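Encoded as structure tokens, the structure appears first; notes follow it.
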Amino acid sequence: MAKTIYQKIWDAHEVYTPAGEDPILYIDRHYAHEVTSAQAFEGLRLAGRKVRHPELTFAVMDHNIPTKDRDKPIADVLSRAQIEALRNNCAEFGIECFDMFDERNGVVHVVGPELGLTLPGMTIVCGDSHTATHGAFGALAHGIGTSEVEHVLATQTLLQKPSKTMEVRVSGKLGAGVTAKDVVLAIIGKIGTAGGTGYVIEFTGEVIRALTMEGRMTVCNMAIEAGARAGLVSPDEKTFAYLRGRRYLPANKSFDALSAEWAQWASDAACSYDTVVELRGEDIEPQVTWGTSPGMVTGVSGHVPVLAEIADANTRLAAKNALAYVGLAEGLPITDIKINKMFIGSCTNGRLEDLRAAAKVAKGHQVDPSIELAIVVPGSYAVKKEAEAEGLDTIFREAGFEWRDPGCSMCLAMNDDRLNPGDRCASTSNRNFEGRQGKDSRTHLVGPAMAAAAAIAGHFVDVRNWDYK
Amino acid sequence: MQPFTQLTGIVAPLEALNVDTDQIIPKQFLKRIERTGYGPMLFFDWRYLADEKTPNPDFEMNAPRYQGASILLSKDNFGCGSSREHAPWALENYGIRCILAPSFADIFYYNCFNNGILPVKVASETVDQLFAEVRASEGYQLTVDLEALRIVKPDGSTIAFEIHPFLRERLLNGWDQIGLTLRHEDKISAYEKARAIA
Ligand code: SF4
């Protein structure tokens, strides 16, 4: 019978289903970071349990770490304690940890793929909802809670109910200046933030095939913002080409043998899904969110909604509350929205391709005087190094952007990179919830080129008409 | 996890509807790295005065007669809000092993079973009656018997309750999720062997 990639991975990892209970699923790879792991380790300690397979877990500190003056002690005692706890727990339980000065350090979802730890056909979990990112490689990857982290550490399995499958097919071609971020925001705009609830999404179609691996990661990263448990893309030649030569590939097989195995995971041509959603690449323009959820989004040529034009009462109420919070007038053209801060980075858009796109826009321009802060935070040290080798840091600095060390940074503002009340930020991250980047701050989600262009213009502009220098 | 078979203890009244997890443990305590030590933070905003130290005399549970309580009596929809496990952790650290209420929020209800706490659904009228009895006699204690599925009152009368047989078995045996999965350790080992995971 023809199977989807999800069914193939599920079938290969179902250990056992006790009668009347949830299936036990084997976990191939577990990532840990400092915010959601400490209590899980303590739980093991209290119960006198060991980590079943320390070699299958990799840890990295990313959420709390500073992105500048990293050599100085961290002032926030609680942040410092969380970082130290991860360091000590990894040492105690024999887990490899990419500490904050390690060349392999970076945001967990950037680092895993980069090191070749994320591979097609794997089951991958992390105490972090954006674990969906790893689905770009054809892995079944999702976020879990702290008790589940402990469960995975102790048993290398997870109790999990099967999901339904949804195909999101993006056909045709993207216009110039339209990126992976715009694709995923358009998808969320179409199906809504709960549209994927109960599903695992497989992204298919010519547009997805044409994306780079980095672009596919951006799309899968935000599957969770559409409510889906996980998002994935069937592996292909691009997947294999990306993985070639990566540091942690299994050493006992030739690359050709590995690629041949990986290729088997792809969905069979004749497979079917519980639900199918279709979009046309040609219809997607650069996207900008206007509200307080990623689904409150529109094309750059659009405008903030007019409440009376929203038919559904609940949607209208949500929009009304969102507009009150973000302080925007109904009907305002998107390009009239002025910003005072800008953030490029995160596991959504902190990879080399993202920085290249932003630098291309920034080159030869200057950040507008109305911008109080514009920071570029590479997703990992590896990204930082490659970007610097290409001179991107110089381009950013000359244009008036700050060039930082890697980390989650202003994506969730757990370190010092935080917006002030009333700030309005163009951000390449994934959540524009109330207070996400700082109490009473306002976030507009965009792609990296759009963010850079907004910082230079002082307001959103259509990057498709950009004056590249 | 501590098994739960039978418990006799002081009953503390918390007469409020929709007690949410933010009230059980406010979010400023989520940056901590421990799983224990949340007891003093339980019901933080209700329990202390504005100086965050002095016990609030108007918060009924603070009364000396309820100190050492292990059973909490409350109203409908207990534990609604976020999924934070800090909520059951705080209750358990404080010493609460059993909660009696007419209804519970779903995630919280299941989180209790991962933390050795027995949530018991008791009819509204019975809960109201219990509030009256608890307040009427200092040192009021109940015995909650999970094996026999009944609550025994000081006068010897009983209240029967129901619980999913599998959840009951988990608590009686002190099985957390991990314990449960480890019953099938042989299956996991066989799976690993078949896949040559050392
Ligand atoms: S960059 Fe943002 S979304 Fe990604 S892991 Fe860090 S905090 Fe989470």
Side-chain angles (χ1 to χ4, degrees), chain A residues 12-28 34-47 49 52-53 55-56 63-64 76-86 88-89 145-159 250 252 414 435, chain B residues 1-3 21 25 27-38 82-90 92-93 107-108 110-117 164-170 174-198:
Chain A
H13 291 82
E14 187 177 343
V15 172
Y16 179 60
T17 301
E21 298 173 34
D22 291 341
I24 301 174
L25 205 62
Y26 200 78
I27 300 302
D28 296 322
E34 75 274 24
V35 177
T36 50
S37 63
Q39 284 92 355
F41 283 112
E42 205 203 346
L44 289 183
R45 217 174 277 125
L46 288 175
R49 288 187 174 121
R52 186 176 176 92
H53 282 290
E55 79 287 3
L56 300 183
H63 281 64
N64 275 299
D76 180 344
V77 240
L78 290 176
S79 292
R80 199 167 66 217
Q82 281 193 328
I83 289 167
E84 281 167 8
L86 182 63
N88 297 338
N89 284 326
T146 295
S147 274
E148 291 171 314
V149 169
E150 187 180 336
H151 188 276
V152 170
L153 287 169
T155 69
Q156 204 55 40
T157 67
L158 187 69
L159 301 179
N252 57 350
M414 255 185 111
Chain B
M1 201 177 74
Q2 270 190 84
T21 54
I25 182 141
K27 61 174 168 281
Q28 64 263 36
F29 303 114
L30 307 188
K31 243 191 174 189
R32 293 179 73 248
I33 54 173
E34 297 83 7
R35 191 173 202 140
T36 49
Y38 291 90
S82 90
S83 65
R84 64 187 64 159
E85 268 186 58
H86 301 69
W89 294 343
E92 201 265 346
N93 286 169
I107 300 175
F108 176 83
Y110 291 100
N111 273 345
C112 283
F113 291 93
N114 277 331
N115 291 283
I117 297 173
H164 189 285
F166 185 62
L167 291 173
R168 172 171 170 269
E169 199 188 334
R170 278 183 60 181
W175 286 331
D176 53 5
Q177 270 201 342
I178 298 175
L180 283 176
T181 300
L182 289 177
R183 288 177 307 161
H184 309 296
E185 209 276 333
D186 56 330
K187 303 276 193 313
I188 300 174
S189 292
Y191 176 91
E192 288 176 335
K193 198 151 165 251
R195 276 191 51 196
I197 298 166

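From a predicted model like this one, the values you see are computed outputs, not experimental measurements. Below, read A as the first sequence line, B as the second, and so on, with proteins coming before strands; counting in each chain starts at 1.
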> Do A:S147 and B:E85 have side-chain N/O donor and acceptor atoms under 3.5 Å apart?
Replying inline: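 Yes, B:E85 and A:S147 have a side-chain donor paired with an acceptor closer than 3.5 Å.
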> Does a donor on one side chain and an acceptor on the other come within less than 3.5 Å for A:Y26 and B:E192?
Replying inline: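 Looking only at side-chain atoms, B:E192 and A:Y26 do form a donor-acceptor pair, the distance falling under 3.5 Å.
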> For chain A, which of B:L182, B:T36, B:L180, B:N114 has the most heavy-atom pairs under 4.5 Å?
Replying inline: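 Highest number of heavy-atom pairs under 4.5 Å: B:T36.
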>> If we define contacts as heavy-atom pairs under 4.5 Å, which of B:I197, B:N115, B:I188 has the most with chain A?
In response: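 Option with the top pair count is B:I188.
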Let me confirm one number: the [atom1]-[atom2] distance from [X] to [Y], rounded to the nearest 0.5 Å.
X: B:E185; Y: A:I24; atom1: CD; atom2: CD1; result: 10.5 Å
X: A:Q156; Y: B:S189; atom1: CD; atom2: OG; result: 12.0 Å
X: B:Y38; Y: A:Q39; atom1: OH; atom2: CD; result: 4.5 Å
X: B:K187; Y: A:T17; atom1: NZ; atom2: OG1; result: 11.0 Å

>> With a 4.5 angstrom heavy-atom cut-off, is it the side chain or the backbone of B:D176 that approaches chain A, or both, or neither?
In response: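 The side chain, not the backbone.
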Side chains of [X] and [Y]: does their closest heavy-atom pair fall under 4.5 Å?
X: B:R35; Y: A:R45; answer: no
X: A:L46; Y: B:M1; answer: no
X: A:R49; Y: B:I178; answer: yes

Could you look at [X] and say if it's the side chain, the backbone, both or neither that has a heavy atom under 4.5 Å from chain B?
X: A:N89; answer: neither
X: A:T155; answer: both
X: A:Q82; answer: both
X: A:E55; answer: side chain
X: A:N64; answer: side chain
X: A:L86; answer: neither
X: A:H13; answer: both

> Going through the distances and angles, do A:Y16 and B:T181 end up as a side chain to side chain contact (heavy atoms under 4.5 Å, CB included)?
Replying inline: CA-CA 10 Å; A:Y16 179 60; B:T181 300; over 6 Å; no
> Between B:R183 and A:E21, is a salt bridge (Lys or Arg N to Asp or Glu O under 4.0 Å) present by the stated rule, with each step listed?
Replying inline: CA-CA 13 Å; B:R183 288 177 307 161; A:E21 298 173 34; 2.9 Å; yes
>> So, using salt bridge (charged side-chain N to carboxylate O under 4.0 Å, His left out) as the criterion, who are the partners of B:E34 when residues are at least two apart?
In response: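 With sequence neighbours excluded, B:E34 shows a salt bridge (charged side-chain N to carboxylate O under 4.0 Å, His left out) to B:R32, given in chain and number order.
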